[in-house]
Amino acid sequence: MEYNFQQIEQDSKKRWEAQQVYKVNNTSSRPKYYVLDMFPYPSGAGLHVGHPLGYIASDIFARYKVMKGFSVLHPMGFDAFGLPAEQYALETGQHPAVTTEKNITRYKEQLDNIGFNYDWSREVNTSDPQYYKWTQWIFLQLFKSWFNRDTQKAESLDTLIAIFEKEGNAGHAAPGNDTGTFTAEAWQAMGESDRRHILMQYRLAYLDHAVVWWCEALGTVLANDEVVNGVSERGGHPVERKKMRQWFLRITEYADRLIDSLDKLEWSEAMKEMQRNWIGRSEGAELSFTTTGGQKIAVFTTRPDTIFGVDFLVLAPEHELVSAITTPEHQAEVTQYVTYVKSRSERERMAEKKISGCFTGAYCLHPLSGRKIPVWISEYVLAGYGTGAIMAVPAGDDRDHAFARHFDIPVTNIFGDLYTGEAAVSDKNVTITDSDFISGLSVKDAAAKVLETLEAKSLGTRRINYRLRDAGFSRQRYWGEPFPIAYKDNVPYAIDEEALNLPEPMRRLPLELPHVEHYKPGPEGEGPLANVTDWVLVTNNDGEIVKRETNTMPGYAGSSWYFLRYMDPGNQQEFASKDSTDYWNQVDLYIGGTEHAVGHLLYSRMWTKVLYDLGHLSFDEPFKRLVNQGMIQGSTRYVYRINGTHTFVSQGLKDQHLVDQIRVDVSMVDGVELDTEAFKGWRPEYANAEFILENGKYICGSETEKMSKSKYNVVNPDDIVAQYGADTFRMYEMFLGPIEMSKPWDTKGIEGVHRFLKKFWRLFYDEQKGWIVTEEAASEAELKVLHKTIKKIESDTERFSFNTVVSQFMICVNELTDLNCHKRGILDALVRLITPYAPHMAEALWQQLGNEGSVIHALFPEWEEKYVTENSKVYPIAINGKPRTELEFALDAEEAFIRAEVLANEAVQKWLEGKEPKKFIYVKGRMINVVV
RNA sequence: GCGGGUGUGGUGAAAUUGGUAGACACGCUAGACUUAGGAUCUAGUGCUGCGAGGCUUGGGGGUUCGAGUCCCUCCACCCGCACCA
């Protein structure tokens with residue numbers, strides 16, 4: 001009986017289905033283990049072979065943990081809100097819910113095809129009102145909370161209001177800092193609107209203004225993705241930066257905690273480093289400069305010690321003071337420059353090597369020396385970072401130096417001989433010179449003294465600055481969670497607030513997305529919801545018209561907490577019961593790509609901390625251990641058409657002609673050999689193609705690039721599974737290389753793994769004789785092979801080295817085949833061992849071996865020390881570090897004995913050429929080196 | 001520009017602590033069995049040399065008895081950069 005994977009996989013799936021083997025309860029006497037995959041956005045293109053890489057790894061690990069006796073939660077769901085579905089709706093008129101549903105069905109089929117052990121009864125879908133009800137609920141928790149810097153945690157606004165009533169806000173400056181201070185009396189005297197305005201400065205979810213890409217022609221706001229080369233991707237219309245009112249999450253308040261608790265996570269250092277850099281904590285000072293016209297300009301600097309080296313100030317072109325300080329004679333130039341910068345993205349501005357800028361005509365007076373300092377604007381200063389203004393010290397900063405050079409601004413040297421006039425001195429272990437009262441001091445001492453002096457004059461304060469910005473949380477789109485917010489007299493309220501006095505049904509969550517006639521943007525850059533007047537404008541119990549929020553939430557809203565919903569997906573009363581979150585607790589293993597390093601992972605961490613602070617969770621970090629998977633790249637194939645003809649020349653001969661390089665669909669290529677008939681049928685213009693072959697074959701060129709439809713290099717897992725089976729596919733993806741590494745897909749290579757599975761099968765079945773498993777006792781050699789393998793598989797699985805696991809299985813099967821072993825004593829353990837990797841085949845063999853129940857719940861085999869310890873070692877003998885021969889010695893042999901034996905050896909003698917060895921190095925169990 | 005990562009045969013890779021570089025596969029070459037082979041099996045396969053040997057882990061330098069692994073330096077490629085998710 002041969003390895004009929006189609007039949008086997010179908011039978012195994014049926015058995016699992018019937019026995020509901022993947023269902024997991026929220027109570028168990030077993031220890032728990034939570035394995036999580038980054039859930040997919042169900043795009044219309046379906047899964048390609050790159051997507052399941054991480055899923056296979058987590059599936060293997062989840063199965064392994066089950067067999068090790070854990071109660072394992074391994075769920076899957078869909079991040080179903082998003083731009084592509086809406087874009088598709090805009091083009092075709094199909095409701096995003098409909099296309100999303102269709103895509104999800106397809107994804108589930110594809111996933112099931114690969115044989116994942118998901119408990120589908122826990123599936124979540126972020127666009128399901130029963131799911132986003134809780135996304136909205138969490139948003140309201142954020143809206144109704146503030147971050148108490150004294151306690152370093154989120155608290156209900158009630159505690160803040162109590163403080164205001166008692167003592168005003170003197171002890172609790174607003175994070176946004178534009179409220180000023182007020183007393184308890186002042187607070188009590190305030191009207192509702194003023195109070196709410198002040199509270200907005202504290203809320204964790206708050207309204208402010210942000211700059212977005214605005215496209216006049218399309219009448220809409222565009223995502224960065226949709227702006228290509230300074231024009232809209234659709235239509236190529238001009239775009240500009242526009243300030244709009246937006247929701248934000250005050251993640252900056254959590255900056256320190258987000259940095260500090262990284263220490264307790266088992267993430268790669270690289271990943272932690274990316275998060276730290278993204279948060280970008282820097283300690284420095286905010287200093288105040290005053291223009292000759294009396295305007296105060298605040299600058300942030302990490303080097304207050306260089307204050308006497310300030311030669312000019314630079315403001316971000318969009319800085320609010322720019323128009324006020326610009327002198328009439330520089331007005332035209334400044335306006336022109338500001339217009340230019342408005343058309344530029346932040347990325348372009350940061351990456352720009354060309355120096356540009358513009359003098360405003362204004363001067364400041366140096367706060368300590370009183371020197372007159374010109375004020376410039378330039379795109380290299382960003383409005384969103386620090387105060388949007390810097391003090392430029394060309395002697396000590398590369399970019400400032402380049403700027404000064406470019407505009408011929410004289411440079412003040414404050415580093416003595418270290419500064420040569422050629423380049424800035426960025427070294428921090430230096431002595432400051434020519435700087436009044438800090439001359440001769442170290443950087444650290446000088447900075448402290450400057451701060452002291454400026455603080456005394458109220459011209460500066462110590463300040464910790466973060467690169468991290470508060471997260472923009474609204475989108476002018478349809479296909480996202482509606483905000484449970486409505487405006488009365490332009491003041492925002494949560495829909496359940498008494499002040500709004502909405503009729504009871506309107507106060508409840510979820511606030512569902514209304515049906516729309518079309519997906520076109522609303523007026524004034526508002527989202528499509530703004531067009532649904534009878535949804536937007538509602539009448540409250542007092543007969544007043546209130547206006548609903550027309551923005552929707554961004555993609556990361558639903559994905560910031562989905563791992564919690566899996567714990568208790570059907571709960572109608574809470575986002576998840578405390579019992580369930582206490583039981584499953586943190587995600588023990590999270591597998592996903594590095595592209596989420598700073599977005600999703602940071603937001604999820606913040607949300608978890610907020611829910612923890614507010615008492616809804618008993619842990620404050622969501623993902624204990626994180627493993628990053630690499631990408632599977634596409635392998636593109638090319639054909640070469642001789643210029644202006646229908647003749648295609650094989651790759652090896654292409655240099656003899658002038659050719660066009662054309663991508664062809666990989667499905668028409670076997671390895672690198674083109675199926676010329678299929679190619680002729682691919683497109684009408686190739687119907688009459690002629691070929692110049694080499695050795696009777698048309699050989700394609702190839703290149704590794706991103707797997708994408710447009711490059712014709714997409715490989716669908718369904719096709720691979722149909723041809724080789726899910727078990728082969730799973731093991732091959734693992735065999736490709738280390739999980740965290742990117743690597744190109746090569747369908748050709750899968751044969752080796754498929755052959756291995758067939759060979760594995762032949763340990764049990766003979767093509768002629770059928771079942772050949774015997775009851776004979778296993779030999780010492782066979783037991784050695786088995787236990788060595790168990791040990792290796794276990795340790796490699798634990799360290800996610802799945803590629804070497806597959807190799808070890810191959811080695812094991814090769815050795816057992818050589819030993820002609822068909823013994824139950826060996827094979828029964830081997831079947832359990834391979835279950836996480838090739839579950840379908842394992843189940844079939846497990847049943848045939850006559851075992852009770854499913855192999856899914858069998859125990860992972862254990863290895864015994866006595867079979868894996870060696871008592872001798874074949875040592876490589878090196879002369880001067882170069883291996884020359886080998887000799888076997890017992891591991892407990894005396895060094896003196898070994899030395900004598902080695903030196904007496906013929907081959908060693910030959911290399912010694914009669915000389916006395918200078919040194920004899922013996923590393924037990926490793927090697928022997930003779931130095932001459 | 002900033003941040004992170006990766007460079008080993010024709011290809012995917014292995015080498016877990018500084019100790020035999022290239023395990024395991026793909027591909028290729030030759031052969032066996034077979035009506036057939038896109039099944040299976042056997043042998044070979046880093047480069048170079050008739051050979052003894054020499055060379056070889058992106059380039060250059062260093063530490064060491066010994067370096068793919070540690071240090072310095074240079075280069076190339078990939079990913080992210082805040083409205084794709």
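All figures in this text were calculated on a predicted structure; none of them were measured in a lab. FYI, side chains are in, hydrogens and waters are out, and symmetry mates aren't considered; it's all heavy atoms of this structure. Chain identifiers are assigned alphabetically (A, B, ...) following the order of the sequence lines, protein sequences preceding nucleic acid strands; residue numbering begins at 1 within each chain.
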Next item on the list: List the steps and the verdict of ring-ring contact (aromatic ring centres under 6.0 Å, His included) for Tyr724(A) and His754(A).
Entry: CA-CA 7 Å; Tyr724(A) 297 101; His754(A) 193 59; 5.2 Å; yes

Note to self: Wobble G-U and Watson-Crick pairs count when both distances are under 3.5 Å; given that, what is the 5' to 3' dot-bracket string of RNA chain B, with | for pairing to other strands?
What the structure shows: (((((((..(((......[....)))((((((.......))))))(((....)))..(((((..]....))))))))))))....

Notebook entry, point to check: Does G9(B) fall in syn (glycosidic angle within 90° of 0) or anti?
Noted result: syn

Notebook entry, point to check: If you look at every strand shown and take non-hydrogen atoms under 4.0 Å, does Val874(A) touch a base, only sugar-phosphate, or nothing?
Noted result: base

Notebook entry, point to check: Do Tyr922(A) and Phe920(A) have ring centres separated by under 6.0 Å?
Noted result: no

Next item on the list: Please confirm whether any donor atom in the side chain of Lys792(A) sits under 3.5 Å from an acceptor in the base of U16(B), or the reverse.
Entry: yes

Notebook entry, point to check: Heavy atoms under 4.0 Å, any strand shown: does Pro40(A) hit a base, just sugar-phosphate, or nothing?
Noted result: nothing

Check: Between U73(B) and U20(B), how far is it from one P atom to the other, in whole Å?
Finding: 29 Å

Note to self: Output the rounded distance in Å from CD1 (Ile921(A)) to P (U20(B)).
What the structure shows: 14 Å

Margin query: For the C1' atoms, the ones on A23(B) and on A15(B), what distance do you get once it is rounded to whole angstrom?
Written below: 8 Å

Next item on the list: Walk me through it: do Val49(A) and Phe729(A) pass the test side-chain contact (heavy atoms from CB on, under 4.5 Å)?
Entry: CA-CA 9 Å; Val49(A) 291; Phe729(A) 177 67; 3.8 Å; yes

Next item on the list: Mind listing the residues from residues 80-89 of chain A sitting with a heavy atom below 4.0 Å of RNA chain B? Number order is fine.
Entry: Phe81(A), Gly82(A), Leu83(A)

Item checked: Sugar-phosphate, base or nothing in reach of His596(A), heavy atoms under 4.0 Å -> base

Next item on the list: Please measure how far the P atom in C50(B) lies from the corresponding atom in A39(B), and state the result in whole Å.
Entry: 37 Å

Check: Has Asn628(A) got a side-chain N or O lying under 4.0 Å from the OP1 or OP2 atom of C79(B)?
Finding: no

Item checked: Interatomic distance at C1', C84(B) relative to G19(B), whole Å -> 49 Å

Next item on the list: Mind checking Trp213(A) for me? I need base, sugar-phosphate or nothing, with any heavy atom below 4.0 Å counting as a touch.
Entry: nothing

Next item on the list: For Pro883(A), report the nucleic acid contact type (base, sugar-phosphate, nothing); a contact means any heavy atom under 4.0 Å.
Entry: sugar-phosphate

Note to self: Does Val902(A) form a side-chain contact (heavy atoms from CB on, under 4.5 Å) with Tyr875(A)? I'd like the steps, not just the answer.
What the structure shows: CA-CA 10 Å; Val902(A) 167; Tyr875(A) 284 91; over 6 Å; no

Item checked: Test side-chain contact (heavy atoms from CB on, under 4.5 Å) applied to Asp398(A) and His401(A), step by step -> CA-CA 5 Å; Asp398(A) 290 332; His401(A) 194 261; 5.5 Å; no

Notebook entry, point to check: On a whole-Å scale, what distance lies between the P atoms belonging to G59(B) and G68(B)?
Noted result: 12 Å

Check: Checking ring-ring contact (aromatic ring centres under 6.0 Å, His included) for the pair Phe473(A)/Phe248(A): CA distance, chi angles, key distance, verdict?
Finding: CA-CA 5 Å; Phe473(A) 199 68; Phe248(A) 288 86; 9.7 Å; no

Note to self: What's the gap between A14(B) and G22(B) when it is taken at their C1' atoms, as a whole Å value?
What the structure shows: 7 Å

Check: When you check every protein heavy atom under 4.0 Å of nucleotides 33-55 of chain B, what one-letter string (B, S, -) results, 5' to 3'?
Finding: -----BSSS-----------SS-

Item checked: Minimum-distance nucleotide (side-chain atoms of Ala223(A) versus C84(B), C26(B), A82(B)) -> C84(B)

Next item on the list: Would you classify Glu226(A) as touching base, sugar-phosphate or nothing, given that sugar-phosphate means primed atoms plus P, OP1 and OP2, and contacts are heavy atoms under 4.0 Å?
Entry: nothing

Note to self: Classify Asn929(A) by what it touches in the nucleic acid, base, sugar-phosphate, or nothing, heavy-atom distance under 4.0 Å.
What the structure shows: base

Check: Heavy atoms, side chains only, cut-off 4.5 Å: are Met244(A) and His209(A) in contact?
Finding: no

Notebook entry, point to check: So do the side chains of Glu379(A) and Arg344(A) get within less than 4.5 Å of each other, counting heavy atoms only?
Noted result: yes

Checklist line | Base C83(B) paired with Gln476(A) side chain (donor-acceptor, <3.5 Å) | finding: yes

Notebook entry, point to check: When the C1' atoms of G9(B) and G27(B) are considered, how many whole Å apart are they?
Noted result: 12 Å

Next item on the list: Using a heavy-atom cut-off of under 4.0 Å over every strand shown, decide if Ser801(A) touches base, sugar-phosphate, or nothing.
Entry: nothing

Checklist line | C83(B) phosphate, OP1 or OP2, under 4.0 Å from Arg475(A) side-chain N/O | finding: yes

Notebook entry, point to check: Taking atom C1' in both U48(B) and U35(B), what distance in whole Å separates the two?
Noted result: 45 Å

Margin query: Looking at Gln246(A) and C83(B), is any side-chain donor or acceptor paired with a base atom of the opposite kind under 3.5 Å?
Written below: yes

